[in-house]
Chemist: 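Mind looking over this structure? Questions follow.
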Protein chains: 2
Amino acid sequence: MKYKIKSRIWIEADGNILLGEGRVSLLKAIDETGSLSKAAKSLGMSYKKAWSLIDAVNSRAEKPVITTSIGGKSGGGTELTSYGKSLVIAFETINENCWKFLDKEISKTDL
Amino acid sequence: MKYKIKSRIWIEADGNILLGEGRVSLLKAIDETGSLSKAAKSLGMSYKKAWSLIDAVNSRAEKPVITTSIGGKSGGGTELTSYGKSLVIAFETINENCWKFLDKEISKTDL
DNA sequence: AAGCGTTATATTTGTAAAGGTATAACGATT
DNA sequence: AATCGTTATACCTTTACAAATATAACGCTT
């Protein structure tokens with residue numbers, strides 16, 4: 001088999017993208033670092049881009065995905081809500097299942 | 001369920017994209033019209049873009065996907081080979097199966 | 001040999017997306 | 001009240017991609 005099959009999935013809410021691979025990895029980085037700026041840095045992404053991605057996610061999700069605080073001892077921070085965590089887990093498991101499914105599908109063909 | 005799950009699949013050969021949705025619909029239009037320029041026009045796509053897409057497909061596929069002729073009574077033309085047809089069919093059936101699979105997957109969650 | 005519609009390709013132009021920079025606000029700590 | 005690291009947002013620049021334009025070659029047909 002010379003050919004490989006690839007895929008990208010995403011979740012939409014009212015026609016707008018809610019979650020894709022990039023946003024999920026950003027949410028995961030937020031969960032690990034407790035900060036949007038640190039998360040962005042860890043992914044080599046500008047803070048601005050990270051912020052606009054998170055803004056889109058938060059404005060379209062049914063429930064808050066993150067909580068933010070400004071000021072304070074550490075300057076502030078961003079944390080993933082438990083709802084956000086469940087979104088991340090659902091996305092990643094479906095994504096992995098999709099890959100397996102597609103590999104099976106293409107192995108059925110005679111390409 | 002407020003959320004919808006979407007996907008795009010594509011087939012790669014040695015890390016390069018061989019076939020995606022856009023290329024498949026172009027191949028189908030070629031099969032219907034017998035001409036690359038007519039196919040491009042029917043899809044509202046510039047000839048140049050259509051040609052470069054087809055060029056990429058043809059240079060990466062294991063076997064020729066189209067045959068072209070220049071000059072002649074109708075000016076020339078482009079036709080889909082039977083191998084090209086089998087590629088199109090394989091892609092479309094896998095794509096539809098993928099959509100169904102994903103709908104099932106997301107309905108399992110409690111998002 | 002002139003004309004036609006097509007394939008094939010280079011060059012330029014225009015536009016939308018991404019990126020960089022700057023700045024304000026915030027609140028605990030010192 | 002000055003400092004610090006963070007969130008939040010505006011503005012400008014750059015860059016990558018799409019689109020438009022131009023041109024050549026080809027081979028039936030007339």
Side-chain angles (χ1 to χ4, degrees), chain A residues 8 10 12 15-61 64-81 83-84, chain B residues 6 8 10 12 15-61 64-81 84:
Chain A
R8 280 192 91 92
W10 65 94
E12 288 190 1
N16 298 309
I17 294 181
L18 170 70
L19 263 193
E21 286 185 16
R23 297 179 186 191
V24 163
S25 47
L26 181 57
L27 290 179
K28 287 171 74 181
I30 288 172
D31 196 32
E32 288 159 10
T33 61
S35 146
L36 179 53
S37 65
K38 284 179 191 150
K41 198 167 297 179
S42 78
L43 296 176
M45 180 187 299
S46 73
Y47 175 83
K48 198 193 92 167
K49 178 169 185 183
W51 182 84
S52 60
L53 286 176
I54 291 303
D55 184 54
V57 171
N58 226 28
S59 67
R60 287 163 190 165
V65 171
I66 50 147
T67 56
T68 68
S69 64
I70 306 180
K73 78 171 174 188
S74 63
T78 302
E79 294 208 346
L80 198 59
T81 64
Y83 179 66
Chain B
K6 305 253 175 159
R8 281 191 91 93
W10 64 93
E12 288 189 2
N16 298 310
I17 294 181
L18 170 70
L19 264 192
E21 286 186 17
R23 297 179 187 193
V24 163
S25 47
L26 181 57
L27 290 179
K28 287 170 74 181
I30 287 172
D31 196 33
E32 288 159 10
T33 60
S35 146
L36 180 52
S37 66
K38 282 178 193 152
K41 198 166 297 179
S42 79
L43 296 176
M45 179 187 299
S46 73
Y47 175 82
K48 198 194 94 167
K49 178 168 185 184
W51 182 84
S52 59
L53 286 176
I54 291 303
D55 184 54
V57 172
N58 226 28
S59 68
R60 286 161 191 168
V65 172
I66 50 146
T67 55
T68 67
S69 63
I70 305 178
K73 77 174 174 187
S74 63
T78 302
E79 294 208 345
L80 198 60
T81 65

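A note on names: the letters A, B, ... follow the listed sequences, proteins ahead of strands, and every chain is numbered from 1.
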Chemist: So, OP1 or OP2 of D:dT7: does either fall under 4.0 Å of a side-chain N or O from A:Trp51?
Modeler: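 So the side chain of A:Trp51 is outside the cut-off, no N or O lying under 4.0 Å from OP1 or OP2 of D:dT7.
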Chemist: Please report the distance, rounded to the nearest Å, between CD1 in B:Ile54 and C1' in C:dT9.
Modeler: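 To the nearest whole Å, that distance equals 16 Å.
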Chemist: Whole Å only: how far is the CG atom of B:Leu53 from the P atom of D:dA19?
Modeler: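 One finds 11 Å between P of D:dA19 and CG of B:Leu53, rounded.
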Chemist: Pick base, sugar-phosphate or nothing for A:Lys48, based on heavy-atom distances below 4.0 Å to the nucleic acid.
Modeler: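 Base, at least one base atom sits under 4.0 Å.
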Chemist: Does CD belonging to A:Glu79 count more than 12 external heavy atoms closer than 6.0 Å?
Modeler: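 Counting other residues, nucleotides and ligands, CD of A:Glu79 stays at 12 neighbours or fewer.
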Chemist: Ignoring backbone atoms, test whether B:Ser69 places a side-chain nitrogen or oxygen under 4.0 Å from the OP1 or OP2 oxygen of C:dT6.
Modeler: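 So the side chain of B:Ser69 is outside the cut-off, no N or O lying under 4.0 Å from OP1 or OP2 of C:dT6.
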Chemist: Kindly say whether, by distance alone, the side chain of A:Lys73 makes a donor-acceptor pair under 3.5 Å with the base of D:dG5?
Modeler: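 For A:Lys73, whose side chain was compared with the base of D:dG5, there is no donor-acceptor pair (under 3.5 Å).
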Chemist: Which nucleotide in the set C:dT7, C:dG19, C:dT9 lies at the smallest distance from any side-chain heavy atom of B:Ser35?
Modeler: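 Nearest to the side-chain atoms of B:Ser35, counting from C-beta on, is C:dT7.
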Chemist: In whole angstrom, give the distance that lies between atom CD of A:Glu79 and atom C1' of D:dT6.
Modeler: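 Interatomic distance, CD of A:Glu79 to C1' of D:dT6: 13 Å.
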Chemist: Are any of B:Thr68's side-chain N or O atoms less than 4.0 Å away from OP1 or OP2 of C:dA8?
Modeler: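 Checking C:dA8 against B:Thr68, a side-chain N or O does come within under 4.0 Å of OP1 or OP2.
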Chemist: Provide, to the nearest angstrom, the distance between the OH atom belonging to A:Tyr47 and the P atom belonging to C:dT21.
Modeler: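 Going from A:Tyr47 (OH) to C:dT21 (P), I get 17 Å.
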Chemist: Using a heavy-atom cut-off of 4.0 Å across all strands, would you classify B:Lys38 as base, sugar-phosphate, or nothing?
Modeler: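 Since only primed, P, OP1 and OP2 atoms lie under 4.0 Å of B:Lys38, the category is sugar-phosphate.
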Chemist: With no hydrogens and no angle check, is any side-chain donor or acceptor of A:Arg23 less than 3.5 Å from a backbone partner on A:Ala56?
Modeler: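 Not a single qualifying donor-acceptor pair exists.
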Chemist: Any side-chain heavy atom of B:Thr68 sitting closer than 4.5 Å to one from B:Asn58?
Modeler: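 They are not in side-chain contact.
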Chemist: Just compare D:dT6, C:dG19, C:dT6 and give me whichever is closest to any side-chain atom of B:Ser37.
Modeler: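 So the side chain of B:Ser37 is nearest to C:dT6.
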Chemist: Could you say whether A:Ser46 or A:Gly72 is positioned toward the 5' end of DNA chain C, judged by the nucleotide with the nearest heavy atom to each?
Modeler: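 Closer to the 5' end of DNA chain C: A:Ser46.
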Chemist: Any non-hydrogen side-chain atom of B:Ile54 less than 4.5 Å from a side-chain atom of B:Thr78?
Modeler: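 No - every pair of side-chain heavy atoms lies 4.5 Å or more apart.
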Chemist: Assign each of A:Gly71 and A:Lys49 to its nearest nucleotide of DNA chain C by heavy atoms, then name whichever residue's nucleotide is nearer the 5' end.
Modeler: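 Per heavy-atom nearest nucleotide, the more 5' residue is A:Lys49.
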Chemist: Starting at atom NZ of B:Lys41, determine the distance to atom C1' of C:dG5, rounded to an integer number of angstrom.
Modeler: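 Atom NZ in B:Lys41 sits about 10 Å away from atom C1' in C:dG5.
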Chemist: Among the candidates D:dT9, C:dT6, D:dT7, find the nucleotide nearest to the side-chain atoms of A:Leu36.
Modeler: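 That would be D:dT7.
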Chemist: Between A:Asp55 and B:Ile70, which is nearer to the 5' end of DNA chain D once each is assigned its nearest nucleotide?
Modeler: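 So the residue in question is A:Asp55.
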Chemist: For A:Ser37 and A:Ser35, which I'm curious about, is there any donor-acceptor pair between the side chains at under 3.5 Å?
Modeler: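 Looking only at side-chain atoms, A:Ser35 and A:Ser37 do form a donor-acceptor pair, the distance falling under 3.5 Å.
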